[in-house]
Amino acid sequence: MHQHPASRPRCPACLRPHSACICRWVTPVEHRTEVLILQHPLEVHEAKGTARLLHLSLPHSRMEIGEQWDPGVLQPLLAAPWGAPDASAPSRRTLLLYPEAPQDAALGLATPPPLDPAWLPTPQRLRLVVLDGTWRKSRKMLHRNPLLQQLPRLPLQTLPASRYRIRIARQPHQLSTLEATCAALAQLEAGAERFAPLLASFDGFVAQQAAWQGR
């Protein structure tokens, strides 16, 4: 009988083979805004992906994998308190980290509501939703989940130069999931310096991946 070779043991934290573990780059940082990372299934074992490193470094983050969710499952992820139920806990004000594009309406996407400026002074009440995937994958996730289309979007005011040299971007201003989320949190919480250690660790992660790829 033919036997399939056993899969390589994986790190239970970063989910990568032990020889490619990235836990050395995990750098916990303090942040007040909750972060919900919705990861496309094809990104789970992508060696160049940054979402798992981001999740492990953000104490107030949650990561879910999928392309389409039942609204009854997605709605609590977007707004309900995480952890033990607490009737007194206020619901979260949820933002989507995603650029508004002129072609949204042509693609059948609902026009997002405007972001209420009154939300911004209390980042501890916010929950930032991040879609992890290529441009095409994230667009499909947005299209297949109308609840995501109903969220106000957070426009990044200042786009830093990407340090993500191991993956080709469609546009020069596009950032990795980790870089974009750090930029968004720095904007919401007025504290870019707080995320500098994580970005420095990200540089180490990129260098490690580039060495393996021979770049």
Side-chain angles (χ1 to χ4, degrees), residues 31-46 49-52 54-55 58 60-83 85-87 89-157 159 167 169-171 173-185 187-189:
H31 61 106
R32 291 172 287 169
T33 301
E34 290 183 343
V35 177
L36 173 63
I37 305 166
L38 300 179
Q39 185 179 55
H40 192 280
L42 294 180
E43 290 292 314
V44 174
H45 296 302
E46 170 56 61
T50 66
R52 178 64 58 174
L54 175 69
H55 171 51
L58 297 181
H60 307 300
S61 70
R62 182 165 176 173
M63 191 169 185
E64 300 289 336
I65 299 168
E67 183 178 80
Q68 182 174 6
W69 287 264
D70 182 275
V73 173
L74 183 57
Q75 182 60 48
L77 291 174
L78 296 178
W82 292 342
D86 182 355
S91 61
R92 289 281 166 168
R93 295 164 171 170
T94 311
L95 310 172
L96 178 65
L97 180 58
Y98 203 87
E100 292 191 38
Q103 65 269 31
D104 280 355
L107 295 174
L109 298 175
T111 301
L115 173 59
D116 187 347
W119 288 10
L120 300 180
T122 54
Q124 67 273 17
R125 289 283 309 278
L126 299 178
R127 181 171 295 164
L128 182 68
V129 180
V130 178
L131 305 183
D132 178 56
T134 63
W135 181 258
R136 178 174 295 181
K137 292 170 188 171
S138 63
R139 176 70 63 171
K140 181 178 276 189
M141 293 166 72
L142 187 59
H143 190 273
R144 292 193 172 183
N145 296 278
L147 285 177
L148 296 178
Q149 300 176 37
Q150 298 170 18
L151 298 175
R153 299 188 192 179
L154 177 70
L156 291 178
Q157 296 173 351
L159 288 174
R167 202 165 187 177
R170 290 179 67 252
Q171 301 292 336
H173 63 272
Q174 289 180 344
L175 305 174
S176 68
T177 297
L178 185 147
E179 291 173 300
T181 304
C182 285
L185 290 175
Q187 179 176 312
L188 290 170
E189 303 187 6

J.: Which pair of non-hydrogen atoms, one from Pro76 and one from Pro71, has the smallest distance, and what is that distance?
T.: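 Scanning both residues completely, I find the closest heavy atoms to be CD-O, 4.3 Å.
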
J.: Considering only heavy atoms from C-beta outward, does the side chain of Leu151 approach that of Tyr98 to under 4.5 Å?
T.: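 No, every pair of side-chain atoms sits at 4.5 Å or beyond.
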
J.: Excluding sequence neighbours, so at least two apart, what forms ring-ring contact (aromatic ring centres under 6.0 Å, His included) with His45?
T.: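 Checked His45 against ring-ring contact (aromatic ring centres under 6.0 Å, His included); zero matches.
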
J.: Any donor-acceptor pair under 3.5 Å linking the side chain of Gln149 with the backbone of Leu142?
T.: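 Yes, Gln149 side chain to Leu142 backbone: donor-acceptor pair under 3.5 Å.
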
J.: How far apart are the closest heavy atoms of Trp82 and Val35, and which atoms are they?
T.: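 That would be CH2-O, 3.4 Å.
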
J.: How long is the span from the OG atom in Ser61 to the CD1 atom in Ile37, to the nearest 0.5 Å?
T.: 5.0 Å

J.: Does Leu131 reach the side chain of Lys137, with side-chain heavy atoms less than 4.5 Å apart?
T.: no

J.: Could you give the distance from CG (Leu109) to CG (Leu148), rounded to the nearest 0.5 Å?
T.: 10.5 Å

J.: Give me the atom names and distance for the closest heavy-atom approach of Met141 to His40.
T.: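 That closest heavy-atom pairing would be SD-CB, 3.8 Å.
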
J.: How long is the straight-line distance from OG1 of Thr111 back to CZ of Arg153, given to the nearest 0.5 Å?
T.: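 The CZ atom of Arg153 sits 8.5 Å away from the OG1 atom of Thr111.
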
J.: With a sphere of 6.0 Å drawn around CD of Gln157, does it hold more than 12 non-hydrogen atoms of other residues, nucleotides or ligands?
T.: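 Counting other residues, nucleotides and ligands, CD of Gln157 stays at 12 neighbours or fewer.
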
J.: Is there side-chain contact between Asp132 and Leu54, with heavy atoms separated by less than 4.5 Å?
T.: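 A side-chain contact is absent here, since even the closest heavy-atom pair is not under 4.5 Å.
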
J.: Taking only residues two or more places apart in sequence, or in another chain, which ones meet Arg62 in a side chain to side chain donor-acceptor pair (under 3.5 Å)?
T.: Glu64

J.: Which heavy atom of Met63 sits nearest a heavy atom of Ala51, and at what distance?
T.: CE-CB, 3.6 Å

J.: Taking salt bridge (charged side-chain N to carboxylate O under 4.0 Å, His left out) as the definition, give me every residue that meets it alongside Arg144, ordered by chain and number, with sequence neighbours left out.
T.: Glu67

J.: Is there side-chain contact between Leu156 and Leu97, with at least one heavy-atom pair below 4.5 Å?
T.: yes

J.: Quick one: NZ on Lys140 to OG1 on Thr134, what's the gap to the nearest 0.5 Å?
T.: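 Between Lys140 NZ and Thr134 OG1, I get 9.5 Å after rounding to 0.5 Å.
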
J.: Can you list everything that forms a side chain to side chain donor-acceptor pair (under 3.5 Å) with Glu189? Sequence neighbours excluded, please.
T.: Thr33, Arg194

J.: Compare every heavy atom of Pro152 with every heavy atom of Pro114, then report the nearest pair and how far apart it is.
T.: O-CB, 3.9 Å

J.: Under 3.5 Å, which donor-acceptor pairs do the side chains of residues 121-130 form with other protein atoms, sequence neighbours left out?
T.:
from   : atom 1 : to     : atom 2 : distance (Å)
Thr122 : OG1    : Arg93  : NH1    : 3.3
Thr122 : OG1    : Trp119 : O      : 3.3
Arg125 : NH2    : Ser91  : O      : 3.4
Arg127 : NE     : Glu34  : OE1    : 2.8
Arg127 : NH1    : Leu77  : O      : 3.0
Arg127 : NH1    : Leu78  : O      : 3.4
Arg127 : NH1    : Ala80  : O      : 2.9
Arg127 : NH2    : Glu34  : OE1    : 2.6
Arg127 : NH2    : Ala80  : O      : 2.9

J.: Hey, is the main chain of Leu178 close enough, under 3.5 Å, to the side chain of Thr50 for a donor-acceptor pair?
T.: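 It does hold such a pair.
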
J.: Run the side-chain contact (heavy atoms from CB on, under 4.5 Å) check on Thr177 and Gln39 step by step: do they pass?
T.: CA-CA 10 Å; Thr177 297; Gln39 185 179 55; over 6 Å; no

J.: List in chain and number order the residues that pass ring-ring contact (aromatic ring centres under 6.0 Å, His included) with His55, two or more places apart in sequence or in another chain; answer none if no residue qualifies.
T.: none

J.: Are Leu36 and Leu38 side-chain neighbours, meaning at least one heavy-atom pair lies under 4.5 Å?
T.: yes

